[in-house]
Amino acid sequence: MKPSAEIVKIADKPDLKYVGKNVTRIDAKEKVTAAIKYLDDFEMKGMLHVKLLLSPHANAIVKSIDSKETEAVPGVIKVYTWCNTPEIKYNSAVFYPGQNDLEDEKLFTDHPKYVGDRIAAVVADSEEAAEEGLNRLKVLYEELIPVIDPSEAVKKECETPSGKPLEIHLSCGQFEEIECGTDGLIIVEDEVSTQKIHHAALEPHSCVAYVEPGEIVTILSPCQLIFGVRYIVSKVLNHPLSKVRIIKAPMGGTFGGKQEVILEPICAFIAKDLGRPVKLVLNRKETIISTRTRAATKGKVRTIATGDGRFVGREVDVLTDAGAYMTGSHRVTTAMGKKLFRLYRIPSQTFHGTTVRTNTTPSGACRGYGSPQIHTITEINVDHLAKRLKMDPVELRLKNLVAPFDDDPTGGPSLGNARIIECVNRGAEAFNWKERFSFTPKKGRYKRGVGMACSTHSNGYAGSIYPDFTAMYMRIAEDGSVLVNAGLHELGTGTLTVIAQIVAEVLDVDINKVLVSEGDTLYTPYDVGCVASRVTYVCGSCAKELAEAVLDKFKRLSSIVLEIPYDDLQLANGIVASVSNPAIKLSYGTLIARIGTILQEEVGGYLSYRSVTNPGSYAAHFVEVEVDTLTGLTAITDYLAVHDVGRAINPRMVEGQIYGGVQMGIGMALFEELAYDSRGIPQNASLSRYHVVNAPEMPQVKVMLIEEDEPTGPFGAKSVGEIAAVPVTPAIVNAVNWAIGVSINVLPLTPSRIISALGAL
Amino acid sequence: MVNIEIKINGKIKCIDVNPRMRLIDLLRNLGLTSVKEGCSEGECGTCTVLLDGKAVTSCTVLAFQADGHEVTTVEGLQTNGELDVIQQAFIENDAVQCGFCTPGMIMAVKSLLNENPHPTREDIIVAIEGNLCRCTGYLPIVKAVEQITKESVDLQ
Ligand code: FES
Ligand code: FES
């Protein structure tokens with residue numbers, strides 16, 4: 001049976017204390033006082049410093065390396081290259097045995113495949129000595145011709161059997177059959193390309209590693225998957241998983257950039273080899289050129305619709321630029337395809353995705369994991385169709401959007417309580433869309449116009465080939481404080497606060513008494529990681545279910561020691577009380593101590609939780625832009641973000657996620673592009689040349705939350721962190737296209753692209 | 001080496017520095033790790049400190065240039081363990097996510113409020129223009145500063 005009408009609305013429960021409240025994030029104080037130590041702030045006795053030699057060529061063979069002069073630099077300890085490090089190949093996105101993504105990356109290479117590829121490392125007792133040693137390395141390269149354009153790469157890679165591009169097909173219905181008889185149907189085609197983007201977390205990539213007694217190789221990393229890091233490090237070092245310890249370090253932002261395993265195996269290997277602590281901190285340029293980027297894509301969309309605007313079929317073809325190594329890029333391509341079937345009801349649809357390598361910085365995870373790209377491609381196409389049909393784009397979408405509890409036509413998980421129609425209806429009304437939308441551009445130099453876009457994103461991995469489980473310990477201490485021992489990753493998104501809110505709510509204790517841990521593979525149970533927008537939904541559900549079990553156990557044991565029937569006990573406000581006898585009132589702590597003394601038992605529990613559902617999160621963004629048709633500059637003059645979040649555990653933090661997502665999306669729409677010349681040299685590997693949206697460019701964003709409760713989410717909650725960055729870019733592109741009457745489909749919308757589009761009119 | 005005398009967070013220090021040493025390195029070497037390095041070229045603002053009460057990016061200032069001057073970092077903001085109003089307002093308005101931009105952002109705001117205790121929204125935005133934040137979209141930061149301004153007006 002489909003639960004819809006009978007859902008009990010969480011908002012209707014008046015007695016929630018922490019869930020749905022703007023609880024202050026628990027690490028805010030240590031952040032404003034700078035008491036928190038990011039890895040670069042971290043020192044250890046005898047710590048060595050590592051600097052990497054990165055390839056200056058996009059495709060080359062290293063003929064020789066002469067490290068004599070380097071080794072003579074005072075303070076230099078050792079030089080590492082492919083000659084004295086493991087040859088084992090790995091894929092930086094793989095996080096569990098059995099995942100068979102193409103393994104094509106090594107610690108160091110003698111065949112650099114992009115500018116930034118790792119050739120060598122110099123280890124020294126000071127950063128200066130490492131730097132000096134690096135400058136004295138003499139490397140002889142033989143340059144080869146690089147391939148920068150992914151379309152070109154598809155042809156080239158096909159020539160070598162081992163280098164075949166990867167392909168994925170997904171479909172529903174009978175797209176080919178519709179194609180045969182399209183009489184009376186409208187067909188709209190678009191080609192859209194999205195660019196490579198630098199994550200621009202303010203903290204550059206960093207890693208610390210050392211060896212603890214018992215040959216435990218310990219790594220501190222501001223990462224998103226401690227257990228994934230452990231898996232790759234164990235593989236590369238051929239060292240048992242139990243003796244590889246990954247500790248989640250404070251994280252100065254990631255946005256997916258620190259999701260894949262990059263620096264950890266190198267630091268681990270060197271620390272193990274030298275038996276000393278090592279630290280590797282990249283500078284901004286190194287972070288831009290040698291870590292990961294958002295994958296660039298080229299998409300082709302063909303939508304077939306009836307004259308009154310019903311989608312009949314759609315064909316989408318996407319080419320993803322993986323950069324020099326396959327990394328998680330093909331996963332990104334696959335994720336893009338899956339999103340296509342979960343936003344509109346399209347009876348027949350086919351997706352073809354291709355992932356190909358080029359001689360550029362490797363791509364990988366980036367906030368939205370393909371969602372911003374695929375929605376940009378398709379949502380531009382929807383507006384194009386609206387233009388052809390002369391139909392309001394909001395009206396067109398409303399005719400086709402999915403409804404709550406629709407099925408995924410490819411057999412994927414149910415869409416759950418999908419409230420996109422409400423997002424669009426309520427948003428359009430609040431934005432005054434009907435009055436503001438115009439098919440034709442206004443007169444004058446400064447042209448204002450509005451646009452919008454819809455999108456969907458996941459809540460974990462359920463329904464995919466990846467495991468989606470997590471485990472936690474929870475214990476109540478003899479002073480009534482609560483310890484949640486979990487492999488969590490605080491990325492700045494407020495994860496620890498959200499979990500504490502959920503636990504405090506269920507156990508009904510003061511939230512300040514709840515301590516939630518971050519991950520440490522030696523001491524915390526398994527968690528897949530902070531990926532796939534899964535943490536609030538999956539880990540939050542685990543925390544809730546475990547807290548319920550612990551509460552029940554607490555009540556049972558209290559009943560025994562107090563000799564009061566279970567049903568007569570009430571556990572609330574940190575107090576255990578008897579309903580029938582108001583004289584009996586004991587604090588949680590007192591009772592825990594009594595249980596410990598009398599029954600000699602710890603009040604706590606362990607839960608391994610598996611997620612089996614994966615509803616969609618939804619959003620509709622509405623934007624007004626003003627384009628200066630003389631300079632081609634675009635300003636965002638009004639913005640409304642409407643999100644179906646199920647239930648906001650912490651509304652203010654949800655808003656924070658949305659603001660940040662909008663900011664990233666504006667960058668993708670208007671400013672950001674990691675560009676390469678024909679030789680593969682990055683053209684803007686610095687923050688002076690790579691423009692990140694700053695305060696004056698940020699519009700006042702209005703946020704509207706649709707909170708209709710996802711029945712499978714903890715207290716009704718769904719994900720928001722990634723989807724917040726998704727509808728932004730297509731909404732802005734659509735607004736610009738309507739404002740000035742063009743159809744730009746190459747990102748970002750730089751002044752020169754806008755001017756040349758205007759010139760072509 | 002040059003010998004310099006600087007007042008750092010209220011304490012006078014005499015230090016020998018390499019003439020090529022940047023102020024950021026001097027401060028971080030002294031353990032003032034609130035001063036972050038996000039770009040090394042004056043673009044991100046994570047290394048912002050106050051030089052005689054005015055915000056500067058310490059990655060673009062040489063240590064000896066601070067000779068005879070006063071430097072303030074986030075470590076010098078708390079008085080008797082009490083948070084500065086800016087720190088308090090950042091907490092209350094959720095102006096902090098990952099926290100990496102936060103110390104620099106706070107110093108940029110401090111500089112603004114030193115000069116102009118009643119800034120307009122425009123003034124605030126201009127004051128933090130050189131400080132990048134990839135997490136918050138700046139809006140909660142602006143709101144935090146507006147709250148301080150409003151409270152100080154209310155007090156008068
Ligand atoms: S590190 Fe100084 S401005 Fe970025
Ligand atoms: S809070 Fe992360 S960069 Fe500002």
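Heavy atoms only: backbone and side chains are in, while hydrogens, waters and symmetry mates are out. Order of the sequence lines sets the chain letters (A, B, ...), proteins ahead of strands, with each chain counted from 1.
Annotation: the span from T102(B) atom OG1 to E30(A) atom CD amounts to 11.5 Å, rounded to 0.5 Å. A distance of 8.0 Å separates NZ of K37(A) from OG of S34(B), quoted to the nearest 0.5 Å. Considering CD of E92(B) and CZ of R652(A), their distance stands at 8.5 Å, rounded to 0.5 Å. Considering SG of C98(B) and CD of E203(A), their distance stands at 7.5 Å, rounded to 0.5 Å.
Interface residue K29(A): backbone and side-chain heavy atoms are both found under 4.5 Å from chain B. Of the two parts of Q78(B), only the side chain, counted from C-beta on, holds a non-hydrogen atom closer than 4.5 Å to a non-hydrogen atom of chain A. The contact between Q700(A) and chain B is made by backbone and side chain atoms together, counting heavy-atom distances below 4.5 Å. At a 4.5 Å heavy-atom cutoff, the contact between L687(A) and chain B is made by backbone and side-chain atoms alike. Only the backbone of P699(A) comes within less than 4.5 Å of a heavy atom in chain B; its side chain stays farther off. Contacts of V662(A) with chain B are absent, with no heavy-atom separation under 4.5 Å from either backbone or side chain. Proximity to chain B is limited to the side chain of T24(A), based on heavy atoms less than 4.5 angstrom apart. In this structure, chain A has a heavy atom under 4.5 Å from the side chain of V74(B), while its backbone stays farther away. Contact of E490(A) with chain B is not made at all, since no heavy-atom distance falls under 4.5 Å. Contacts between Q97(B) and chain A at a heavy-atom distance below 4.5 Å involve backbone atoms as well as side-chain atoms. Of the atoms belonging to I86(B), not a single heavy atom falls under 4.5 Å from chain A.
Among residue pairs with one or both ends in residues 77-110 of chain B, those qualifying as ring-ring contact (aromatic ring centres under 6.0 Å, His included) are Y38(A)-F100(B); sequence neighbours excluded.
Residues from residues 125-148 of chain B that place a non-hydrogen atom less than 4.5 Å from a non-hydrogen atom of chain A comprise I125(B), I128(B), E129(B), L132(B), C133(B), R134(B), C135(B), T136(B), G137(B), Y138(B), L139(B), P140(B), given in numerical order. Within residues 104-113 of chain B, the residues having any heavy atom less than 4.5 Å from a heavy atom of chain A are, in residue-number order, I106(B).
K54(B) NZ: 12 or fewer foreign heavy atoms inside a 6.0 Å radius.
Put simply, of I288(A), I36(A), T33(A), V281(A), the one with the most heavy-atom pairs under 4.5 Å next to chain B is T33(A). Most heavy-atom pairs under 4.5 Å with chain B: of the set E655(A), H199(A), E697(A), this distinction falls to H199(A). For the set D27(A), T254(A), L491(A), V693(A), the count of heavy-atom pairs under 4.5 angstrom toward chain B peaks at V693(A).
Scored by the side chain to side chain donor-acceptor pair (under 3.5 Å) test, R25(A) finds D94(B) as partners (sequence neighbours excluded).
At a cut-off of 3.5 Å, with distance as the only test, a side-chain donor of S688(A) or E41(B) sits close to an acceptor on the other residue.
Heavy atoms only, all atoms of each residue included: C101(B) and L202(A) are closest at CB-CG, 4.5 Å.
Salt bridge annotation for R28(B)-D40(A): present, with a cationic side-chain nitrogen under 4.0 angstrom from a carboxylate oxygen.
A heavy-atom distance below 4.5 Å is not found between the side chains of E37(B) and R284(A).
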